[in-house]
Asks: 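Structure incoming, see below.
Because the structure is predicted, anything quoted here is derived from the model rather than measured. Every chain is numbered from 1 and lettered A, B, ... according to where its sequence line falls, protein lines coming before strand lines.
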Number of protein chains: 2
Amino acid sequence: MARKPGKKDLTERQGHLLKVLVERYIEDGQPVGSRRLSEESGLKLSPATIRNVMADLEKLGYLHSPHTSAGRMPTGQAYRMFVDTLVKFNPPEPEEIDSLRRKLEEGAEGSGGKALVRSASSLLSGITHLAGVVTVPRRNHSNLRQIEFLPLSGNRVLSILVVNNREVQNRVLTLDRAYTESELRSAANYLNEQFAGRDIAQVREQLLDDLQRARDSMHNMMSSALTLGRQLFDRKEQQEDFVLAGETNLMDFAELSDVEKLRRLFEAFAEKRDFLHLLDHTLSGEGVQIFIGEESGYDLLDACSVVTSPYTIDDEVVGMLGVIGPTRMAYQRVIPIVDITAKLLGRALNSRS
Amino acid sequence: MARKPGKKDLTERQGHLLKVLVERYIEDGQPVGSRRLSEESGLKLSPATIRNVMADLEKLGYLHSPHTSAGRMPTGQAYRMFVDTLVKFNPPEPEEIDSLRRKLEEGAEGSGGKALVRSASSLLSGITHLAGVVTVPRRNHSNLRQIEFLPLSGNRVLSILVVNNREVQNRVLTLDRAYTESELRSAANYLNEQFAGRDIAQVREQLLDDLQRARDSMHNMMSSALTLGRQLFDRKEQQEDFVLAGETNLMDFAELSDVEKLRRLFEAFAEKRDFLHLLDHTLSGEGVQIFIGEESGYDLLDACSVVTSPYTIDDEVVGMLGVIGPTRMAYQRVIPIVDITAKLLGRALNSRS
DNA sequence: CTTGGCACTCCACTCCAGCGAGTGCTAATA
DNA sequence: TATTAGCACTCGCTGGAGTGGAGTGCCAAG
């Protein structure tokens with residue numbers, strides 16, 4: 001991929017100084033000046049020299065200053081360079097991993113998968129002091145286990161679907177006429193015989209097929225079964241969802257102290273819609289992905305970075321998890337945490353299914 | 001109930017002026033001065049006279065000023081007096097009610113009761129520009145309709161409960177040994193025969209009884225049924241929950257513009273725990289209840305008021321709903337809205353069950 | 001009891017000076 | 001040629017002084 005004009009590789013010295021500057025800025029959020037950098041860079045260079053280097057880095061698009069007489073702050077490009085090539089990650093200690101695993105499972109005593117998702121989300125937000133987000137797992141291939149119908153008042157029927165051996169979905173269907181209990185029972189029996197153990201997508205397809213092919217030549221019982229089944233499976237995909245935790249952590253950051261900005265951000269969280277879109281993109285990728293500032297494409301997140309990783313059940317990617325924080329988050333700490341949490345969550349979900 | 005010292009009834013003039021002052025303060029949040037009040041009170045009184053009255057009201061605890069040369073603001077006591085005796089509510093127009101009803105049901109196309117709750121919550125927040133809150137309905141008497149067990153891997157069993165003809169609860173039970181599919185089927189049959197149509201609380205009691213009485217003299221099948229049943233019903237009450245909407249509206253109010261306060265408030269919302277406690281209290285009451293400032297007993301809500309009303313299904317109180325906003329909210333508008341929304345929600349839930 | 005008058009208080013705003021931090025540039029140096 | 005010291009300059013921040021306005025409390029007259 002062609003870089004933008006003027007983005008030649010940095011010299012080793014430039015790289016080192018950029019790294020130190022980013023680290024310092026991440027620590028306290030204050031613009032870093034030449035004097036400070038010269039003292040803490042480890043290189044024996046005077047502030048004047050540092051200033052020359054900084055001026056170069058600014059020309060290259062890595063730094064900018066809020067005003068003439070302040071120090072310099074990293075741009076998005078600098079963070080990008082930082083995470084891509086400059087920073088080195090300490091792989092977490094085994095005992096640290098173990099402690100994470102325990103916390104993850106402690107927080108999810110309710111044995112549902114949803115409890116684990118919530119636990120993962122608050123675990124992420126708790127240890128990073130950022131906002132944690134985890135999408136609810138969603139398998140492409142859902143195995144239908146059992147169907148049950150119960151009549152309600154009017155023309156309505158409560159349908160219960162057991163899927164993937166552990167999830168239960170239920171919906172109220174409103175039908176064109178009232179069905180008797182025995183009709184419903186035989187319909188359920190028929191559908192179970194035909195479709196139990198099959199993939200939901202397949203089931204949907206075949207139902208449409210059957211209904212098409214045999215419109216009215218059918219046995220009465222089968223016909224009602226098909227009618228019911230069609231309604232049941234015709235629903236739009238159950239919408240995806242995610243669990244957010246520790247949003248309030250974001251209030252601490254000066255970058256977001258403007259109440260108006262905060263408000264819009266929190267509204268977006270509540271809406272979920274826009275945000276899901278962003279998370280969806282990351283499902284196709286592999287490993288930890290990082291969106292710095294504007295890279296996310298949402299102007300609400302201009303001052304934020306998003307670090308995500310997909311997680312898997314049975315080697316199938318079923319969701320993603322991550323954190324949201326200010327661009328000046330502690331990447332070297334956050335990235336390994338997101339990575340390991342994704343793996344732990346996948347493993348925990350596996351062991352429960 | 002004895003009033004606090006010095007709280008004699010107000011004269012008509014004092015009452016009127018207090019009312020106007022509160023109204024003005026609610027409108028723009030600025031302390032109200034004697035000049036303004038004299039112009040807009042409708043009484044032909046000079047600012048000097050108004051000042052005398054205001055000084056009296058201050059002595060009585062209804063007013064206070066932030067500093068010498070500012071106007072005066074109502075105290076909690078003044079709001080209390082305002083809502084109790086001063087304000088008169090315009091009963092909402094029939095067409096207004098109808099529009100509310102339509103909005104409530106539009107927002108709840110997913111036919112579950114939860115969808116209605118969510119819709120009510122965002123309806124409340126939408127039209128009041130405050131935070132809306134609705135607890136999920138919870139009946140004291142839950143009618144058990146059907147039980148089903150499905151074996152999972154290991155010693156675990158997925159149990160499905162249909163309750164009140166429309167709600168489905170499911171839990172994963174972890175048992176002392178593996179049960180075969182036929183064992184589970186007969187257990188379910190047994191429990192259904194015995195308990196279908198009965199109240200859950202009764203079921204729980206009787207299960208314990210049976211288990212106690214007939215420990216090991218029992219038929220094998222019944223014994224496993226009882227074991228399963230006991231685990232199933234032994235769980236603590238499913239925790240109550242509420243749905244919050246439009247929290248971000250609260251960010252607009254100057255009273256809460258302090259980010260630190262906001263943060264603690266939002267954290268409390270996310271925790272839910274403390275907050276549920278407050279809502280629980282209101283379940284016993286009747287009609288609209290109002291907590292002004294410190295009356296709620298939560299110091300986080302010192303600058304807030306909470307207006308709530310219980311709602312009913314089949315004349316049984318099953319939950320409450322309301323709004324949270326700054327103490328200077330437009331009570332005369334908000335109170336009727338909360339009242340009518342509670343009635344509409346109850347009605348809507350009824351028609352779907 | 002009401003009112004006009006008056007002195008007083010306090011906040012909010014503006015203006016200004018002084019400071020400290022940091023820069024860019026230039027000229028000297030290794 | 002790369003580095004450094006020196007220096008003038010810029011800019012934001014802080015604190016104090018000054019001003020205007022809003023509102024009060026009190027008093028004495030109607």
Asks: Under the side-chain hydrogen bond (donor to acceptor under 3.5 Å, both in side chains) definition, can you give me all pairs with a residue in residues 47-57 of chain B, not counting sequence neighbours?
Replies: B/Ser34-B/Arg51, B/Ser46-B/Thr49
Asks: With heavy atoms of chain A within less than 4.0 Å as the criterion, where does contact along DNA chain D begin and end?
Replies: D/dT3 to D/dG12
Asks: Which letter, B, S or -, goes with each nucleotide of nucleotides 18-30 of chain C from 5' to 3', with contact meaning a protein heavy atom under 4.0 Å?
Replies: ---BSBB------
Asks: Scan for side-chain hydrogen bond (donor to acceptor under 3.5 Å, both in side chains) pairs involving residues 78-88 of chain A, sequence neighbours excluded, and state none if there are none.
Replies: A/Arg80-A/Asp84, A/Arg80-A/Glu295
Asks: Could you tell me which residues satisfy ring-ring contact (aromatic ring centres under 6.0 Å, His included) with A/Phe242, sequence neighbours excluded, listed by chain and number?
Replies: A/Phe275
Asks: Does A/Leu300 have any side chain to side chain contact (heavy atoms under 4.5 Å, CB included) partners at least two apart in sequence or in another chain, and if so, which?
Replies: A/Arg264, A/Leu265, A/Ala268
Asks: Residues in side chain to side chain contact (heavy atoms under 4.5 Å, CB included) with B/His129, at least two apart?
Replies: none
Asks: To the nearest 10 degrees, how far apart in direction are the end axes of the helix from C/dC1-D/dG30 to C/dA30-D/dT1, each fit to five base pairs?
Replies: 20°
Asks: How long is the line joining CD of B/Gln30 and C1' of C/dA12, in whole Å?
Replies: 12 Å
Asks: With sequence neighbours left out, what residues match A/Glu40 under side chain to side chain contact (heavy atoms under 4.5 Å, CB included)?
Replies: A/Arg24, A/Arg36
Asks: By side chain to side chain contact (heavy atoms under 4.5 Å, CB included), which residues pair with A/Ser99, not counting sequence neighbours?
Replies: A/Arg102, A/Lys103
Asks: Suppose we screen for side chain to side chain donor-acceptor pair (under 3.5 Å). Which residues come up paired with B/Ser122, at least two apart in sequence or across chains?
Replies: none
Asks: Test your reading of the model: is there a side-chain donor-acceptor pair from B/Ser121 to the backbone of B/Gly132, 3.5 Å cut-off?
Replies: yes
Asks: Whole angstroms only, please: what is the CG-P distance between B/Leu43 and C/dC1?
Replies: 17 Å
Asks: Listed by chain and number, what are the salt bridge (charged side-chain N to carboxylate O under 4.0 Å, His left out) partners of A/Glu286, not counting sequence neighbours?
Replies: none
